[in-house]
Structure formats: structure tokens, C-alpha cells
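Structure first, commentary second.
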Amino acid sequence: MVKPSIPQGTRDFGPEVVRKRGYIFKTIRDVFELYGYQPLETPAMENLETLTGKYGEEGDKLIFKILNNGLQDPKNRDKSREAFDNALEGKADRNLTERALRYDLTIPFARYVAMNHGQLTFPYKRYQMQPVWRADRPQKGRYREFYQCDVDVVGSRSLLNEVEMVGIYGDVFERLGMKVEIRINSRKILSALAALCGGPHRMTDITVAIDKLDKIGLEKVKEELTSKGIEPAQLALIETYLGIEGPNEEKLSRLGNLLGDSPLAREGIQEISYVLQFHPGREGLQADFTLARGLNYYTGLIFEVKSLQARMGSLGGGGRYDDLTGLFGVPDIPGAGISFGVDRIYDVLEELQLFPGDSFTGTQVLFFNMGEAEAAAAFGHMQALRGRNIRCEIYHEAAKLDKQFKYADKKRIAHAVIIGTNELAQGTCVVKDLRRGEQLTIPVNRLSGFVFEGS
RNA sequence: GUGGUUGUAGCUCAGUUGGUUAGAGCAUCAGAUUGUGGUUCUGAGGGUCGUGGGUUCGAGACCCAUCAUCCACCCCA
């Protein structure tokens, strides 16, 4: 006998949790469809080579790899040994593993587009809501299996796509009743900054460091930059850059003064203000030049969403990528996309108690079981109610009333229908509202038309 | 991958410098109550003390390892 358990960082979801998660999924899906996106699902596993090299060095380490079958087969033993030796050196080997669990939804989507670009109508707008897996160490808001909900559009360079994505973020979080901050920045601005601070190869070091500003503070960021070899004059520039505060327009114009000599930076600034002008009243939408985003395939505007009410990592992120399918041999399909982290959204909604009370949709009516013949009669009436789309169940055995009432309480069932010996003989039934404690006896033939209030 | 925290009944947790047969509340089940629940009262069941080693006359407690948990770092949703 083994003690039952589930792998680290994974969870079972009971009925209540599934319902609440369903509420989040539905909210997100409704908005996705409202904006004209179509669903897509891809396999849980991809060929390993589809995934490796797409998420940076750190990302590669976090990909869950699947061991090949048949390694122990005598005819494979030499190959298996060799493959294992390669694995010990940190090299992937097809003879050991050639498949892996999906790490996000964007790369599988790019793979799908590359495979099917001949059949798709562009711009192709898809949404996808599926689990992804990361071999990370679990902590607050971080799981090894979690759901992402992505929208992406490919085959269009229009900034209207980014405008709409801000709209999607805004609408979803508004519907969920959450106060969030939608931060927007441009990779173009970041690379212009990097160009002034030693060149494009400095981009990663710089962005990783400044991204931590609100977390570790200016001094620590400067320390980190210095340790990466940033010179004092460049450091001063970055400090001025990070010091830009104020309302969005002011920030943008001050950044223009600072980096305006760079055409690339001007482009980035212009794109941000273009998107902002479509959302004049959107609360929490702000330009944030410290925003970096880890994934190295972003090329234009980038987004990130954080809760203003709870301490939690980002609830979503995304941006523009100009050549994602190029990784799969199909160039010139630009795109943009954003992602929602359902599990983190769940944790925040739970912490703030923002789930609506009526998201519980269990059984509405419990038929009591009062004996063999009584139950048989009750069953027929129950089926009639089910035909009217009322959620019913009948107690599984003829237990004491006490027990059946307690069962109804536990499952928060609002109504009981009792057909006992007397009722059966008289052609009646008792309908009881369990929340009010009121009951009435009605002719059983009126049950099928009975209105069960508020359940 | 690095560092720390916690792990005792189904759940939440007590358990003294190592000392007899490991406790409480809630939950469960039974009864008080053979057709009316949520309250109350009585009683019962339920523990390899995460797992495996070690120290000791003696370990739930101390040491080592391991697994899980939560938290931080790295990174990220």
C-alpha cells in the first residue's frame, strides 16, 4: 500500500473550487469572445525541440521533460547509456527524452500557426485556456501546474491590437471586481537605453536589474548594475531614466527629452501614447519604463498586470513579438498577445472575498426517500422536474428524516420534497423551503409546475 | 537550483529540561428523538506522532537523511 499523494506543486480541486475557477474561466472567455477571438487547444506535450531555447537559459531548466519509453530494452541499452551520460553533462538527448510538457501557450500557438499558416485567415485571432507546467519550486502564487488564458493575434502589425489587449485586460478585471494596475512599456525604449549603456548585449542585464526597482530599491539596482560592469556615466543616465515619475503624458515627454535622440526610443514613446489615447479614462493604466518582461521574444509594446489590493506576483503579461513563427521556419508573421494567470487571480479573489455568492450552483431540490414505493413515486416526479431543468436528487436510501435533512444542509440544498406513506395515499406531497423553515402540502400533480424560489 | 519554516486524529492545533497507556475543539457515527434539519445533551470510533535511520535504559520531543508544506532568492503567471 502506498500513501496516496500528488506531485509537488499540483492540487486537487473540490466542487466549490471548481465552480469558483469556472466563474473566472467564464468571465475571461466571455471577454475574449466579445473581442472576436476563436478558441484553440493544443496537446499537453510538445516535442522537446519545439520548446527548448525559447524561454532563455533559466526557462529551459524549468521545462518538464518526459522520459522515453523502452530505455531498458536490450537493443537500446548502449544508446540509453550514452544518452544518460549526456544528460549528466546537462545536454538533452533524443534517445533519453524527446517530449516535454508545455511551458506556456504562446510557443505552442506559434508552432500551430507555423504548421497551418496556409489554411489560416489572417489576422488570426485565437484564445487558449489550458494548463501549463513548470519545474519551479512552489511558493506563494507559484505552482508547478497552473492554467493560463492567452489571447494572441498574428498577421497584423496594427497597434489597434495592443489597444484592444489593454481593453481586454481592463474589461476582465473590471468584471471580476478587481482593482489592478496595467503597466505598459516598450522593448524599443529599453533597447534604446541599452544602446546608450554599452550596447545591445547589455539589454538583459539592464532590464533584469531595473525591473526590480520597486522591490529592492534604487541603491540595490545601482549596485547590481555596477557589478554587471555598467560605468558611472551610464549609471547616471539610468538613474535619471528610473526617476521619471508623474502622470502618463508627463512621463512620456520627460522620457522624450532624455532619449529623444534615438529614433527607436521615439518610436516606442509614440506607440505607448497611441495606445494610451484610446483609453483616456482607464484606471490603473500607466506607462512604466521599469517594466521589462523576461521572455526574450518580445520586440515592441509589453504589458503586465498587478493587483493593487493584494501582494501577489503579476496576474498577467504579454506584448508584441515580431517573428515568433520565424523560430519554426515561417518568417514575417508578426503578432501580439497577452496572458492571464487564473490560479493567481483565484488566490487574489479568494483573499479579498470577491467571488459572487451565487457562483454556487448545486442541487436545488432534494427528494426524501421514505421507503420503496414512496421513493419510486418520488423518482417519477423528480424526473419531471429535471425535465424542467431543475437540479434534483433523491436521497439514496430510506434513512431517518433527521439524516436526510442534515444531508440537505451540508449540500446547501434549498428545498425538500417529501412523499411519505400519507402523501402517497392522498396524492399530495410536502414541499419545504429549508432556508425559511416553511412548508406546505400541495397535490402532487401540481409539483411539476411548482416554482422553487431563489435556488 | 540556493536558503529558511513547518509536519501529531478527517480539519485546526496543544503536548513542559527526553519519562507510565499521546490530548482538546470542530467534524464523523450512534443514542436521547420510529414523519421534520441547523440548537442542545450523552456516548463511541478514529494515531505506523510525514518516512527511514541514529543517540538513549527510555524519543512525539535530540541528531542525520529523505519526502511534503509554506516562505524568500533566482526566475516567473
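We name chains A, B, ... by the order of the sequence lines, and we start the count at 1 in each one.
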Partners meeting side chain to side chain donor-acceptor pair (under 3.5 Å) with A:Q286 (sequence neighbours left out):
A:E181
For [N] and [M], measure between their [atom1] atoms and round to the nearest Å.
N	M	atom1	result
B:C73	B:U20	C1'	48 Å
B:A24	B:A9	C1'	11 Å
B:C62	B:G45	P	31 Å
B:C57	B:G52	P	23 Å
B:C11	B:U28	C1'	11 Å
B:U16	B:U12	C1'	22 Å
B:G50	B:G15	P	15 Å
B:G23	B:C75	C1'	45 Å

What about the rings of [X] and [Y], do their centers lie closer together than 6.0 Å?
X	Y	answer
A:Y37	A:Y127	no
A:Y147	A:F25	yes
A:Y346	A:F355	yes
A:F450	A:F452	yes
A:Y395	A:Y407	yes

Round to a whole Å and report the spacing from [atom1] of [X] to [atom2] of [N].
X	N	atom1	atom2	value
A:R11	B:A68	CZ	P	16 Å
A:D409	B:U28	CG	P	11 Å
A:L401	B:U36	CG	P	6 Å
A:E438	B:G37	CD	P	16 Å

What does [X] touch in the nucleic acid at a heavy-atom separation under 4.0 angstrom: a base, only the sugar-phosphate, or nothing?
X	answer
A:E423	base
A:Q404	nothing
A:K410	sugar-phosphate
A:K61	nothing

So which protein nitrogen or oxygen atoms get under 3.5 Å of nucleotides 6-11 of chain B's nitrogens or oxygens?
none

Decide salt bridge (Lys or Arg N to Asp or Glu O under 4.0 Å) for A:E49 and A:R94; before the verdict, give the C-alpha distance in whole Å, the side-chain angles of both, and the deciding distance to 0.1 Å.
CA-CA 9 Å; A:E49 66 212 27; A:R94 290 188 55 85; 2.9 Å; yes
Is the A:Y103 ring parallel, tilted or perpendicular to the A:Y55 ring (thresholds 30°, 60°)?
tilted
Plane angle bin for A:Y297 and A:Y321 - parallel if under 30°, tilted between 30 and 60°, otherwise perpendicular
perpendicular
From C-beta outward on A:K403, which listed nucleotide comes closest to its side chain: B:G37, B:G35, B:A30?
B:A30
State plainly whether the residues [X] and [Y] are in salt-bridge range, i.e. N to O under 4.0 Å.
X	Y	value
A:D433	A:R435	yes
A:E145	A:R134	no
A:K222	A:E239	yes

Protein N or O to nucleotides 31-34 of chain B N or O, pairs below 3.5 Å:
none

Do A:R320's NZ or CZ and the ring of A:Y298 fall within the cation-pi criteria of under 6.0 Å and 45°?
no
Within 45° of the axis and under 6.0 Å from the centre of the six-membered ring of A:F303, does NZ or CZ of A:R183 qualify?
no
Any chance you could encode RNA chain B as dot-bracket? Rule is Watson-Crick or G-U wobble with both distances under 3.5 Å; [ ] for pairs crossing earlier ones, | for another strand.
((((.((..((((.....[...)))).(((((.......))))).....(((((..]....))))))).))))....
Is there a donor on the side chain of A:Q439 or the base of B:U36 sitting less than 3.5 Å from an acceptor on the other?
yes
Assuming nearest nucleotide by heavy-atom distance, tell me which of A:M370 and A:Q8 is located more 5' along RNA chain B.
A:M370
Protein heavy-atom contacts under 4.0 Å, written 5' to 3' over nucleotides 70-77 of chain B as B (base), S (sugar-phosphate only) or - (none), form the string -BBBBBBB
Set of ring-ring contact (aromatic ring centres under 6.0 Å, His included) partners for A:F13, sequence neighbours left out
none
